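What follows is one structure encoded as C-alpha cells, with my remarks underneath.
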Amino acid sequence: MTFDKEKILEYCNRISKNTLMETLNIEYVDAGEDFLTATMPVDPTVHQPMGLLHGGASVALAESVGSAASFLFINPELSEVRGIEISANHLKAKRNGIVTATAKIIHQGRSIHLWEIRITDENNNLISLCKLTNMVLPKRKRKEE
C-alpha cells in the first residue's frame, strides 16, 4: 500500500464530523509514514475558569491525533484501535492562538502501539507532552442500533 497524505488527511477530517473532534475544532493538517499532526484553536471554548487552555482539551487533542495515527499501521477492514492509557504533562500555559499536536510512533507492535504526542504553540514552545498506548483488536461486527 502506498502512502497517500491527502487521502489520510481527508479521511481523518471526514470521520471527525459530529464528534468531539469537531466540537473542539480539531483539524488534521499533516501526515507522514510515522506521524500525524492536528491543530486546535485556543479560545474560550477550550478554556478552564482561569482563562487558560484546559488540560482536558489538550488530552482530548492528544488522544484524537494519537488514535487516528494508529490507523496508519492497521488494515481498518480487519482491525480497530482502542486507546487504553494516556498520560500528559502540561508544561506551559496558553490563553489564545493555535496549538499543534504531532503524534510520533515509539513502538509499533502487532497488538500495541505507543505514541509520543507533542503539543506546541505557534512559536514551537512545548505546551504539553503526552504518551498514548493504543490496543489493536480484531474488528468486531457492530450491532445495529
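Below, all heavy atoms of this structure are taken into account, side chains as well, without hydrogens, waters or symmetry copies. Just so you know, these numbers come straight off a predicted model, no measurement behind them.
Side-chain contact check for Asp30 versus Phe35: some heavy-atom pair is nearer than 4.5 Å. For the pair Arg118 and Leu126, the minimum side-chain heavy-atom distance is below 4.5 Å. The closest side-chain heavy-atom distance from His54 to Val59 is not below 4.5 Å. Taking 4.5 Å as the limit, some side-chain heavy atom of Leu132 sits within range of a side-chain heavy atom of Ser67.
Leu61 and Leu114 sit in two unconnected hydrophobic clusters of ILVMFWY residues. Membership requires side-chain heavy atoms under 4.5 Å apart, directly or through other members. Connection of Ile86 to Ile105 is established within a shared hydrophobic cluster, with ILVMFWY side chains joined at heavy-atom distances below 4.5 Å, either directly or through further cluster members.
Closest heavy-atom contact between Ser70 and His113: OG-ND1, 2.8 Å. Closest non-hydrogen pair, Phe3 versus Ile8, comes out as CE1-CD1, 3.3 Å. Taking both residues in full, the closest heavy atoms of Leu24 and Pro41 are given as O-CD, 3.9 Å, listed atom of the first, atom of the second, then distance.
No more than 12 heavy atoms of other residues, nucleotides or ligands lie within 6.0 Å of CZ in Arg110, so this atom counts as exposed by the packing criterion.
Distance alone, capped at 3.5 Å, places no donor-acceptor pair between the Asn13 side chain and the Glu27 backbone. Of the possible donor and acceptor atoms, none in the side chain of Glu10 sits under 3.5 Å from a partner among the backbone N and O of Glu6. Judged purely by atom type and a 3.5 angstrom limit, Lys94 uses its side chain to pair as donor or acceptor with the backbone of Asn96.
A side chain to side chain contact (heavy atoms under 4.5 Å, CB included) with Ile127 holds for exactly one of Leu53, Leu91, Thr120; it is Leu53.
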